[in-house]
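A short write-up of the structure that comes next.
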Number of protein chains: 2
Amino acid sequence: MATVLDGAVRIFRERGYNATSIADLSLATGLAAGSIYKAFKDKRGLFLAAFDRYVEEGDALRRLAFQNGGNGRDKLKSLLGLYANASSGAEGMRGCLVAGSTIELATMDAATARQVKAAHARTEQLLVRTIREGQVDGSINAAIDSGASAGLMLCILQGMRVVGKTGRSRDDMNALVELAMKILD
Amino acid sequence: MATVLDGAVRIFRERGYNATSIADLSLATGLAAGSIYKAFKDKRGLFLAAFDRYVEEGDALRRLAFQNGGNGRDKLKSLLGLYANASSGAEGMRGCLVAGSTIELATMDAATARQVKAAHARTEQLLVRTIREGQVDGSINAAIDSGASAGLMLCILQGMRVVGKTGRSRDDMNALVELAMKILD
DNA sequence: TTATTTTGGAATTATTCATTTCCAAAATCA
DNA sequence: TGATTTTGGAAATGAATAATTCCAAAATAA
């Protein structure tokens with residue numbers, strides 16, 4: 001089942017929900033259309049399962065990035081580095097399921113749209129918490145607005161994912177990370 | 001003709017190329033399907049015309065933002081302010097045709113993809129030029145890498161357009177602008 | 001005024017789409 | 001071993017799609 005969802009995640013990242021047909025999903029997951037419908041009820045159900053898996057995997061990667069510890073600033077730098085890597089080369093061109101789904105928000109039903117917005121809210125909350133942690137441990141300027149800087153960080157992360165679709169090198173993306181950290185000064 | 005393209009720009013911004021049908025375009029432009037085909041050859045032709053118009057309008061807005069003059073830093077602040085406004089409220093939720101098209105890159109033919117990438121390149125070149133201008137007039141730190149900081153600015157601008165789809169207030173977005181300017185310190 | 005050309009769009013066409021139906025093979029149960 | 005249930009998927013269905021055809025009204029030319 002996990003590999004079915006991995007295949008779905010991949011094709012939805014590349015093409016988005018609307019441009020991905022059941023035939024595409026069948027190729028990507030290895031299941032025939034009838035089986036997809038038996039397992040997920042419909043295309044939207046498979047999308048939601050894939051989206052959840054993608055968000056969970058992202059959460060796990062972010063936790064891993066934070067496990068190397070250090071102070072708030074170190075953690076944020078790890079996070080930006082993680083996104084810089086994910087946004088470069090062939091993997092970067094594949095795209096982000098959250099960014100892609102955000103662009104398609106207008107074509108989604110309310111419940112699906114809520115899931116997409118919730119994913120952003122969760123990332124933004126993590127950013128706020130980590131910035132505040134840095135402000136407490138002294139690694140981040142205590143005077144900056146944690147909400148605003150978290151919002152800016154979220155834009156940078158999403159922007160990397162979009163620009164990554166056009167093909168950027170790892171060096172290009174990593175160069176941005178150093179500069180972005182100045183926001184926290 | 002201009003209002004036809006304006007209608008097309010609007011619906012493509014909101015829904016993207018793939019999720020916009022000829023029926024949608026007919027409603028948005030006021031032309032029947034047969035007329036659309038006579039004027040633009042096909043859906044892709046209308047999209048390209050709409051995309052060109054959107055990019056040209058964006059260029060005009062950026063020129064306008066720069067006309068208030070000032071040094072390099074002032075100009076960049078105006079540009080970020082322009083994007084912050086465009087990315088907030090109902091207008092922000094409508095989305096950006098360039099960001100949206102970037103997400104759909106994998107579903108485009110090579111010529112259309114080149115146009116989308118060219119739009120990014122043009123914005124990035126403007127950012128590089130303006131940062132260098134600021135480094136010459138002393139308003140921007142001469143030591144920072146103009147290429148990397150332009151790349152980061154591009155990510156911020158595109159990220160604002162994506163996050164703006166989820167609904168952000170003008171105050172939220174403007175708060176980011178102040179912080180983003182620290183990159184140039 | 002009549003003939004011809006141009007224009008706008010309704011209707012149609014062929015294809016693709018999401019979803020359902022139905023069938024046969026495999027697995028399970030008695 | 002035979003009967004029944006489960007499972008996977010090919011084929012079919014009805015709707016939506018991009019694009020084309022054809023018609024009538026409007027405009028132009030003689």
Side-chain angles (χ1 to χ4, degrees), chain A residues 1-54 97 100-101 103-113 115-116, chain B residues 1-54 97 100-101 103-113 115-116:
Chain A
M1 173 68 104
T3 54
V4 164
L5 289 181
D6 285 345
V9 161
R10 183 169 164 142
I11 191 85
F12 279 132
R13 280 175 59 193
E14 290 179 4
R15 301 183 60 86
Y17 180 85
N18 290 299
T20 302
S21 66
I22 299 295
D24 293 330
L25 288 166
S26 188
L27 282 169
T29 59
L31 294 177
S35 303
I36 289 175
Y37 282 87
K38 277 174 179 157
F40 299 99
K41 183 175 175 294
D42 55 16
K43 182 184 174 186
R44 176 180 172 274
L46 174 51
F47 172 81
L48 287 173
F51 189 84
D52 286 348
R53 181 168 176 78
Y54 183 80
L97 189 51
S101 300
I103 292 295
E104 293 189 291
L105 269 179
T107 67
M108 287 172 179
D109 62 279
T112 310
Q115 295 262 41
V116 175
Chain B
M1 173 66 107
T3 54
V4 163
L5 290 182
D6 285 344
V9 162
R10 184 170 164 140
I11 191 87
F12 279 135
R13 278 175 63 194
E14 288 177 4
R15 302 184 60 87
Y17 179 84
N18 290 298
T20 302
S21 67
I22 299 296
D24 293 329
L25 288 166
S26 189
L27 281 170
T29 59
L31 293 178
S35 302
I36 289 176
Y37 282 89
K38 279 177 176 152
F40 299 99
K41 182 174 176 297
D42 54 16
K43 181 184 173 185
R44 176 180 171 273
L46 174 51
F47 173 80
L48 286 173
F51 189 84
D52 285 349
R53 182 168 176 78
Y54 184 80
L97 190 49
S101 301
I103 293 293
E104 293 189 291
L105 268 179
T107 67
M108 286 173 179
D109 62 279
T112 310
Q115 295 262 39
V116 174

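Every chain is numbered from 1, with letters handed out A, B, ... down the list of sequences. In this text, all values refer to a predicted model and were calculated from it rather than measured experimentally.
- Comparing A:D24 and A:K41 along DNA chain C, the residue whose closest nucleotide (by nearest heavy atom) sits nearer the 5' end is A:D24.
- Rounded to whole Å, the distance from CG on A:D42 to P on C:dC17 is 17 Å.
- In this entry the distance linking CG of A:L25 with C1' of C:dC17 reads 12 Å, nearest Å.
- Taking B:D24 as the reference, B:R15 meet the salt bridge (Lys or Arg N to Asp or Glu O under 4.0 Å) condition, with sequence neighbours excluded.
- Here C:dA18 presents its C1' atom at 11 Å from CD1 of A:I36, a figure rounded to the nearest Å.
- For B:I22, the listed nucleotide lying nearest its side chain is D:dA18; candidates were C:dA18, C:dT19, D:dA18.
- Using a 4.5 Å heavy-atom cutoff, the side chains of A:L105 and A:T112 are not in contact.
- What separates CG of A:N18 from P of C:dT16 is a distance of 19 Å, to the nearest Å.
- A donor-acceptor pair under 3.5 Å is formed between the side chain of A:T20 and the backbone N or O of A:G16.
- Contact of the A:Y54 side chain with the A:L5 side chain is not registered, since no non-hydrogen atoms from C-beta on lie closer than 4.5 Å.
- Look at NZ on A:K43: it is 17 Å from C1' on C:dT20, rounded to the nearest Å.
- Separating the CZ atom of A:R15 from the P atom of C:dT16 is a distance of 14 Å, rounded to the nearest angstrom.
- Considering only side-chain N and O atoms, A:Y37 lies nowhere under 4.0 angstrom from the phosphate OP1 or OP2 of C:dT20.
- Taking atom CZ of B:R44 as the reference point, atom P of D:dA18 lies 15 Å away to the nearest angstrom.
- Looking at A:F47 and A:Q115, their side chains never come closer than 4.5 Å, going by heavy atoms from C-beta outward.
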request  = Take B:I103 and A:E104 through the side chain to side chain contact (heavy atoms under 4.5 Å, CB included) test and state the conclusion after the steps.
outcome  = CA-CA 9 Å; B:I103 293 293; A:E104 293 189 291; 5.9 Å; no
Whether each nucleotide of nucleotides 5-14 of chain C has a protein heavy atom under 4.0 Å at its base (B), only at its sugar-phosphate (S) or at neither (-) is summarised, 5' to 3', as ---BBB----
